Amino acid sequence: MKTQSHGEGKMATDQTQQTFTFQAEIKQLLDILVHSLYTEREIFLRELISNASDALNRVQFEMLTNDDITSPDAPLRIDISFDEEAGTLTISDTGIGMTQEDMVSNLGTIARSGAKAFIEAMRENQNGSASAQDVIGQFGVGFYSVFMVADRVRVVSKSYLPDAPAFAWESDGGEQYTIEPAPREERGTDIIITLKDEEKEFLQGYRVKQVIRAHSNYIAFPIHVDGEDEPTNKQTAIWRKDPKEVEDKEYDDFYKMMTMDFNEPAHRLHMRADSPLQFYALLYFPSSSEQNMLSPRREPGLQLYARKVLIQEYNKDILPEYLGFVQGVVDTEDLPLSVSRESVRANRVMANLSKVITRRVLSDLKRLVNKERDQYLKLFRAWSRFIKQGVYIAPDQSEDIMEILLFQTTHDDDQHQFYTLAEYVERMAENQQDIYYIIADDWHSARRSPHLDAFRKRGIEVLYFTEPVDSAMVMGLTQYKDHAFRSVDEAEIDLSEIGTAQDEDESPNDPVPANTFGAVIERFKAVLGERVRDVRESQTLSGNPARLVSDENAASRNMFRLNRLLEREYELPVKILELNRRHALVHNLSDMLEGGDQTVVDAVIEQIFETALLQDGIHPDPASMAERLYLLMQAATGTATGDLDFAAAPKMDAPPAAPPSGIPGMPSMEDLSAMMGEDAFAEGEDAAFAEEELTADENDATATHPAASIEDAEFSDVTTGEETVDAQATQDATAPDTQQTEAFDEADDAADADKEDIK
């Protein structure tokens, strides 16, 4: 028996078993690969199937130009069989096969792969580009994942080269491996795995099929398990097909299989791009936000494939957090993978992929808003709380997001009608520059708000913000097309030059005389004390007696709403109380101050204040008003006020004094994330930082490497059947560095770096 150290020259093909010794550093690396690199044991099957698929691709390419090969009529397929008595699992293919030298080179050297040389050969042949897309292997380390489950592995292979004998490579994952002649008539490779005792689950057909369907369902070649005639895998990846060739039923069946959601999705988007980034994507927008108990999808994120092999079940880096409800698949040719192919390298290719797909999604949603409003409204009603948070957490995309927001408004006071910001701007009143909104708990509360009196009187439209997330959304709404957003409860809004006031006055009363109205204001201040910042005459109220307005310098007037949603302690904001000098109730209070029962006056003042809190949706305990209301009703129906104990009725306590600056009680970014989606706000900050770095890199790259032609990028919209080109998205992704044009070379080169890192 001849013993030879790995890597010592070219070996002669004699007929005796030969033993080779792994180099010391390779042995250490192998130990790390087996015990630390992979997170799931079942991954070994994915890796071996991927290697078999590559071998089949390579022989298929060879057959295009060479008729003189071994077993030319052998079907291109992968077979998996079991021997329970021997405890072995065998994976067979009819691919390119290996010679004795190939075994030493490929199986005796970790991180060595024949894929690179194969791709280089195909590049020299113009007809080979399509086959290159299906080459999966990159680093050559996947084979060694088998030792996670194996006591011993024997590889029997016969090369496609005529008259080349078959050989067997065998190892127990220790310091040595052997190569010897072996009987095999047909071209291809058998990998015979003697499983460890605790890994015998992989001798069960159902378990192997489960792994195949999870990770290798769309391998281009049929995978037959345990001699079955029907292949286990589907082979055809629907997202790689031309959208014109896919029927609606195929799309729906795939969606139901992936999500177990038997309702039709609200929308779908099928994308393909060939240059400068090559990828395929099929995205679905579910029609309901209700949790599907049967769904196998337990986390947000897209399924990420590399050349039809599943890499990540839940990838959260392609679409931003606010689009986390989107389901679907992204498959790319240029994905930079880790050495284990279980994670994605964070680099410009991934960042550009995310940017292109995100912009394409936003562009398609914008098209739906403008052309298929009913379809979009169904989607928006289900997922508005996700989309709206994007305004705040993704400021770099806020302009695009604002184009797809819908709101109820005072335009027709119909809760079933929604309008875009663009439609609002088109209907602006004469001399109107700002966009006005009101925050309330629901549509009914919003439309009855006293803040709307002056706006209705002058024909000025107001947006209704009635979802919990709206309190955070407004922090990102600075302006829309040079129009600032302003809340209707701002203290110093001047509407006198906007719109046209109606002639008729809703209040038939004359204003309370100045001297007596001054007494009313002083009484309000005395009763309410520090619970209000000031009491003054209103210049806008017409149909309501009072309203609370916010000091324009007050910090984040809606922060208490967020604290309340987070079930944290919060302080009521101290606001300015405005009184309608013409309202009958104010007239009555003025008269009572001159000679009536002051206890009733004070009770009514308390009730006016708390009613204003209730109308703004910020009363912390509305039920506490009940006792005072009963007392007032008794007084109104004849009970002597002296017999009523108004002092016993509960009233709102004055909040502690707030510091003059800052935002008291402002929730942390983590708290906001908990309310609106885990890590949403932190991700927004990280994304903004990453965007700056990416932009700088792109500028540098563009200067030296001009972008590919936009016409090279093809985007297909299967919903409308229209072919579109997202020029902006493509341009943003067309600043490749020098390595990107040689993506496969970069992958193999990266393997060496990974090897050094692991050492």
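Since the structure is predicted, the reported quantities are computational estimates derived from the model, not experimental observations.
Side-chain atoms of I80 and I212, non-hydrogen and from C-beta on, do get closer than 4.5 Å to each other. Here the side chains of I219 and K308 are not in contact, with every heavy-atom distance at 4.5 Å or above. Side-chain contact between E201 and R41: present, with at least one pair of heavy atoms (C-beta onward) separated by less than 4.5 Å. Under the 4.5 Å side-chain criterion, counting only non-hydrogen atoms from C-beta, T332 is not in contact with Q278. The closest side-chain heavy-atom distance from P300 to V326 is not below 4.5 Å. Annotation: side chain of V59 is not in contact with side chain of T94 (no heavy-atom distance under 4.5 Å). Considering only heavy atoms from C-beta on, L353 comes within 4.5 Å of V330 through its side chain. Two residues are said to be in side-chain contact when any heavy atoms from C-beta on lie closer than 4.5 Å; V208 and F82 meet this criterion.
With hydrogens and angles ignored, the 3.5 Å screen pairs a side-chain donor or acceptor of W383 with a backbone N or O of P286. Looking only at distances, no side-chain donor or acceptor of E170 sits under 3.5 Å from a matching main-chain atom of I179. Using a distance-only test at 3.5 Å, with no hydrogens or angles considered, a donor-acceptor pair links the side chain of N315 to the main chain of I318. Judged by distance alone, with hydrogens and angles left aside, the side-chain atoms of R46 form a donor-acceptor pair with the main-chain N or O of L310 at under 3.5 Å. Judged by distance alone, the side chain of T358 and the main-chain N or O of S354 form a donor-acceptor pair under 3.5 Å. The main-chain N or O of S71 is found under 3.5 Å from a side-chain atom of R187 such that the two form a donor-acceptor pair. Remark: the backbone N or O of L161 is paired with a side-chain donor or acceptor of T70 at under 3.5 angstrom. Checking side-chain atoms of E199 against main-chain N and O of K196 turns up no donor-acceptor pair under 3.5 Å.
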Practice problem: Check step by step if side chain to side chain donor-acceptor pair (under 3.5 Å) holds for D229 and H224. | Solution: CA-CA 7 Å; D229 293 333; H224 297 268; over 6 Å; no
Exercise. Give the intermediate values and the outcome of side-chain contact (heavy atoms from CB on, under 4.5 Å) for residues R360 and L269.
Key: CA-CA 9 Å; R360 183 65 181 93; L269 179 60; 4.0 Å; yes
Quiz prompt | Test salt bridge (charged side-chain N to carboxylate O under 4.0 Å, His left out) applied to R58 and D54, step by step | solution = CA-CA 6 Å; R58 293 171 66 183; D54 284 352; over 6 Å; no
Practice problem: Before giving the answer on ring pair (Phe, Tyr, Trp, His ring centres under 6.0 Å), spell out for F20 and Y177 the whole-Å C-alpha distance, their side-chain angles and the decisive distance to 0.1 Å. | Solution: CA-CA 5 Å; F20 298 81; Y177 62 91; 5.2 Å; yes
Practice problem: For E42 and R207, run salt bridge (charged side-chain N to carboxylate O under 4.0 Å, His left out): C-alpha distance rounded to whole Å, both residues' side-chain angles, the deciding distance at 0.1 Å, then the answer. | Solution: CA-CA 10 Å; E42 66 184 34; R207 180 69 175 101; 2.9 Å; yes
Quiz item: Run the side chain to side chain donor-acceptor pair (under 3.5 Å) check on N233 and Y218 step by step: do they pass?
Solution: CA-CA 6 Å; N233 60 321; Y218 302 102; over 6 Å; no
Practice problem: Begin from the C-alpha positions of I49 and H215 and carry the test side-chain contact (heavy atoms from CB on, under 4.5 Å) through to its verdict. | Solution: CA-CA 10 Å; I49 290 174; H215 298 282; over 6 Å; no
Quiz prompt | Pair D102-S105, side chain to side chain donor-acceptor pair (under 3.5 Å): steps then yes or no | solution = CA-CA 5 Å; D102 291 335; S105 176; over 6 Å; no
Exercise. Step by step, work out the side-chain contact (heavy atoms from CB on, under 4.5 Å) result for Y280 and R240.
Key: CA-CA 6 Å; Y280 309 82; R240 283 185 172 241; 3.7 Å; yes
Exercise. Verify side chain to side chain donor-acceptor pair (under 3.5 Å) between D190 and S92, making sure each step is shown before the conclusion.
Key: CA-CA 4 Å; D190 297 328; S92 303; 2.6 Å; yes
Quiz prompt | Working for side-chain contact (heavy atoms from CB on, under 4.5 Å), residues F143 and L48 | solution = CA-CA 6 Å; F143 170 78; L48 296 183; 3.8 Å; yes
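Outside the 6.0 Å centre-distance limit, the rings of F44 and F147 are not counted as a close aromatic pair. In this structure, W239 has its ring center at least 6.0 angstrom away from the ring center of F279.
In this structure, the separation between CD on Q204 and CD on Q210 is 12.0 Å, given to the nearest 0.5 Å. For the atom pair OG of S159 and CD of E101, the computed distance is 10.0 Å after rounding to the nearest 0.5 Å. Between the CD atom in E321 and the NZ atom in K316 there is a gap of 8.0 Å [rounded to 0.5 Å]. Taking CD1 of I238 as the start and CE of M257 as the end, the distance is 8.5 Å to the nearest 0.5 Å. Between the NZ atom in K378 and the CZ atom in F285 there is a gap of 14.0 Å [rounded to 0.5 Å]. Atom CD1 of I193 is separated from atom OG1 of T88 by 9.0 Å, given to the nearest 0.5 angstrom.
Tested against S157, the residues D93, N106, T189 include a single side chain to side chain donor-acceptor pair (under 3.5 Å) partner, T189.
Residue D261 comes nearest to N263 through the heavy atom pair OD1-N, 3.0 Å, listed as atom of the first residue, atom of the second, then distance. Across V156 and A182, no two heavy atoms sit closer than the pair CG1-CB, 4.0 Å. D83 approaches A86 most closely through the heavy-atom pair OD1-N, 3.0 Å. Contact between P222 and P231 at its shortest, heavy atoms only, is CB-CB, 3.8 Å. The two residues A220 and Q235 make their nearest non-hydrogen contact at O-OE1, 3.6 Å. In terms of heavy-atom proximity, L45 sits nearest to I91 at CD1-CD1, 3.5 Å.
In this structure, D252 does not pair ionically with K256, as no charged nitrogen and carboxylate oxygen lie closer than 4.0 Å. Between K158 and E185 no salt bridge is recorded (no basic side-chain N to carboxylate O distance below 4.0 Å). Look at K209 and E228 and you find a salt bridge, because one of the NZ, NE, NH1 or NH2 atoms lies within 4.0 Å of a carboxylate O, short of that distance. A salt bridge does not link R307 to D331: none of the charged nitrogens lies less than 4.0 Å from a carboxylate oxygen. Ion pair D248/R268 flagged as a salt bridge, since at least one NZ, NE, NH1 or NH2 atom sits closer than 4.0 Å to an Asp/Glu carboxylate oxygen.
Atom NZ of K234 has 12 or fewer neighbouring heavy atoms from other residues, nucleotides or ligands inside a 6.0 Å radius.
Q100 and Q18 are linked by a side-chain donor-acceptor pair at a separation below 3.5 angstrom, with hydrogens and angles left out of the test.
The aromatic rings of W169 and Y144 stand perpendicular to each other, their planes meeting at an angle above 60°, with 30° marking the opposite boundary.
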